[in-house]
Participant: 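Attaching a single structure in structure tokens format; questions to follow.
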Amino acid sequence: MKLLALLVSSIFVNNIVFMRFLGCCPFLGVSSRVETAKGMGFAVIFVITFSSAMTWLAFEYLLVPLHLEYLYTLAFILIIAALVQFVEIVMKKMMPALYKSLGIFLPLITTNCAVLGVAVINMNERYDFITAMVNAFGTAVGYMLAIVLMAGIREKLELCDTMPRPLRGLPIALVTAGLMSIAFMGFSGLIR
Amino acid sequence: MNLQVLYAVAVMGGLGVVFGCLLAFASKKFAVQTDPRISAIRAVLPGANCGGCGFPGCDGYAAACVNEGCPTNRCAAGGPAVAERIAAIMGVDAAAAEPMVAFVRCRGENGKSGKNCVYLGYSDCQAASVVPGRGPEACSFGCMGFGTCVKACSFDAIHVENGLARVDRDKCTGCGACAAACPRGVIGLIPKSARVAVACSNPLPGAVARKVCTAACIGCSMCVKVCLDGAISMKGAVAVVDPAKCAGCSTAPCTTKCPTKAIVTL
């Protein structure tokens, strides 16, 4: 039950984009088409879940025993970047279909702050392994939800001819993101 | 205290070495044969991964250039210089293809073609074409003039004037983006050297076509009869010029004899 609450919380209540404001760069950059947004979303789910597991293990079994907790930022970045590259190489060889659908987004996510953010949240909250995994997965699903919703809205906005010229493109995307963020605040009473 | 520093250095250095070896090993073990042109194009691109080309990063664009024959001028950051170098790698300059140009197969500007209804929705042909009755234009084959093609053009070469899309032949590169964007398929690509073309797409019988537009091809076959080269044929009730056969005669009897002036000189 607690895990279910955490899952809902990480998807809606503490949505990584709209509530924590992490991962905004690809959120704005790759959200102009729904198809691409979907690919990005799946890649993020994959990378966040996978890298959270690795960073959790490295923190608990390497940094904590040696009292090197203060090195977590460096260590996490190193682990995430190396891991994503490794997965990309292996995937390209072993699973070309999967690589074609999401592998091209992998390098873009390597240094995404959302990925590092989840690892740091897991560490700060001292989650155990299962809880950390649920949190990571939920956060990534929340990211996908956000970027696909945003892409859907932006596709429609593209068609709007009456929009004032200075607002077209990124400005209206930023306004939209702000309004969506306000809308997501409505979830904040859902879970204590 | 000193030991702590050593631990830190050892852990970070160790992680770095381990991952470095892992990646080096993986890149050898799992090497995939790729088209050398992809890496050549990738080297030419700026590497900013801005996504301005519509592909995910420079790698995505380089792959699209080689695998999907994507136009070489999509990189906005690199500009014409990069476009030229990509073209050189792809060898598209070498192939002297017949230069094409977009052509709007419609002359139904405001006042010539009728309207079904007053349309107040999104000012976009895609949106307007799904209105019941196939859009506000009475002719369901003609240009609606909402300018979806204008938005699709990267070269400022097509504009809507008086409710009809018109191509600026000097600026048009023949990329075909407008033709793909047009929901009616009114825009086509023709050789730049073509001298005449039929500016109507309505294949319905003359009486029906004439009712909705005074500039329609009525399918009278006059042009077929007067053509000196036998380059014009009828497709349904609309004439079609075969640019391969048309010798581009200076008198161009097809244009002068056409009762609705649906055949135009270019």
Side-chain angles (χ1 to χ4, degrees), chain A residues 25-26 28-33 35-37 39-40 43 54 58 62-63 65-71 73-96 99-100 102-111 156-163 168, chain B residues 1 3-34 42 47-64 67 120-128 130 146-148 150-152 160:
Chain A
C25 167
L28 292 168
V30 198
S31 61
S32 45
R33 277 184 306 178
E35 272 313 302
T36 351
M40 184 72 181
M54 295 307 284
L62 194 63
L63 299 185
L66 292 172
H67 304 293
L68 291 174
E69 290 94 336
Y70 62 90
L71 276 179
T73 311
L74 271 180
F76 284 4
I77 286 283
L78 186 64
I79 291 169
I80 293 169
L83 209 65
V84 171
Q85 290 298 318
F86 179 71
V87 169
E88 194 198 351
I89 293 169
V90 173
M91 199 188 269
K92 199 171 180 180
K93 181 76 174 177
M94 314 295 277
M95 295 168 275
Y99 176 79
K100 210 168 160 41
L102 61 83
I104 38 179
F105 293 104
L106 286 174
L108 291 180
I109 318 167
T110 313
T111 49
K156 288 275 185 292
L157 281 176
E158 281 288 298
L159 292 174
C160 179
D161 247 9
T162 46
M163 194 192 300
R168 287 184 195 171
Chain B
M1 184 60 205
L3 211 57
Q4 270 292 302
V5 176
L6 277 183
Y7 277 153
V9 172
V11 166
M12 292 310 293
L15 276 178
V17 169
V18 167
F19 284 130
C21 292
L22 187 72
L23 286 182
F25 170 75
S27 67
K28 282 270 176 288
K29 172 94 181 158
F30 297 102
V32 179
Q33 287 289 338
T34 50
R42 178 64 190 80
N49 289 321
C50 65
C53 49
F55 294 96
C58 296
D59 286 322
Y61 178 50
N67 299 335
L120 296 173
Y122 272 132
S123 184
D124 180 270
C125 303
Q126 292 280 4
V130 294
F146 291 114
T148 295
V150 178
K151 280 181 251 171
V160 173

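First the proteins, then the strands, lettered A, B, ... as listed; each starts at 1.
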Participant: What option among A:Lys93, A:Gln85, A:His67 has the most heavy-atom pairs under 4.5 Å with chain B?
Facilitator: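 That would be A:Lys93.
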Participant: Out of curiosity, A:Leu63 CG to B:Leu15 CG, how far, rounded to the nearest 0.5 Å?
Facilitator: 7.5 Å
Participant: So for atom OH, which belongs to B:Tyr122, do other residues, nucleotides or ligands contribute more than 12 heavy atoms lying within a distance under 6.0 Å?
Facilitator: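 More than 12 within 6.0 Å, yes.
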Participant: Quick one: CG on A:Leu71 to CE on B:Met12, what's the gap to the nearest 0.5 Å?
Facilitator: 6.0 Å
Participant: Distance check, rounded to the nearest 0.5 Å: A:Ile80 atom CD1 versus B:Phe19 atom CZ?
Facilitator: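 If I round to the nearest 0.5 Å, the distance is 10.0 Å.
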Participant: Tell me, for B:Ala31 versus chain A, whether the close heavy atoms (under 4.5 Å) come from the side chain, the backbone, both or neither.
Facilitator: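 For B:Ala31, backbone heavy atoms alone lie under 4.5 Å from chain A.
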Participant: Chain B heavy atoms under 4.5 Å from A:Leu159: which part of the residue, side chain, backbone, both or neither?
Facilitator: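 Its backbone and side chain both get close to chain B.
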Participant: Which distance, rounded to the nearest 0.5 Å, do you find between the NZ of B:Lys28 and the CD1 of A:Ile89?
Facilitator: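 Rounded to the nearest 0.5 Å, the NZ-CD1 separation comes out at 10.5 Å.
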Participant: Name the region of A:Leu62, side chain, backbone, both or neither, that has any atom closer than 4.5 Å to a heavy atom of chain B.
Facilitator: side chain
Participant: B:Ala127 versus chain A, heavy atoms under 4.5 Å apart: side chain, backbone, both or neither?
Facilitator: neither
Participant: Nearest 0.5 Å, what's the CG-CG distance between A:Leu66 and B:Leu6?
Facilitator: 12.0 Å
Participant: Write down the atom of B:Gly16, the atom of A:Leu78, and the distance for their closest heavy-atom approach.
Facilitator: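 Taking B:Gly16 first and A:Leu78 second, the nearest heavy atoms are N-CD2, 3.7 Å.
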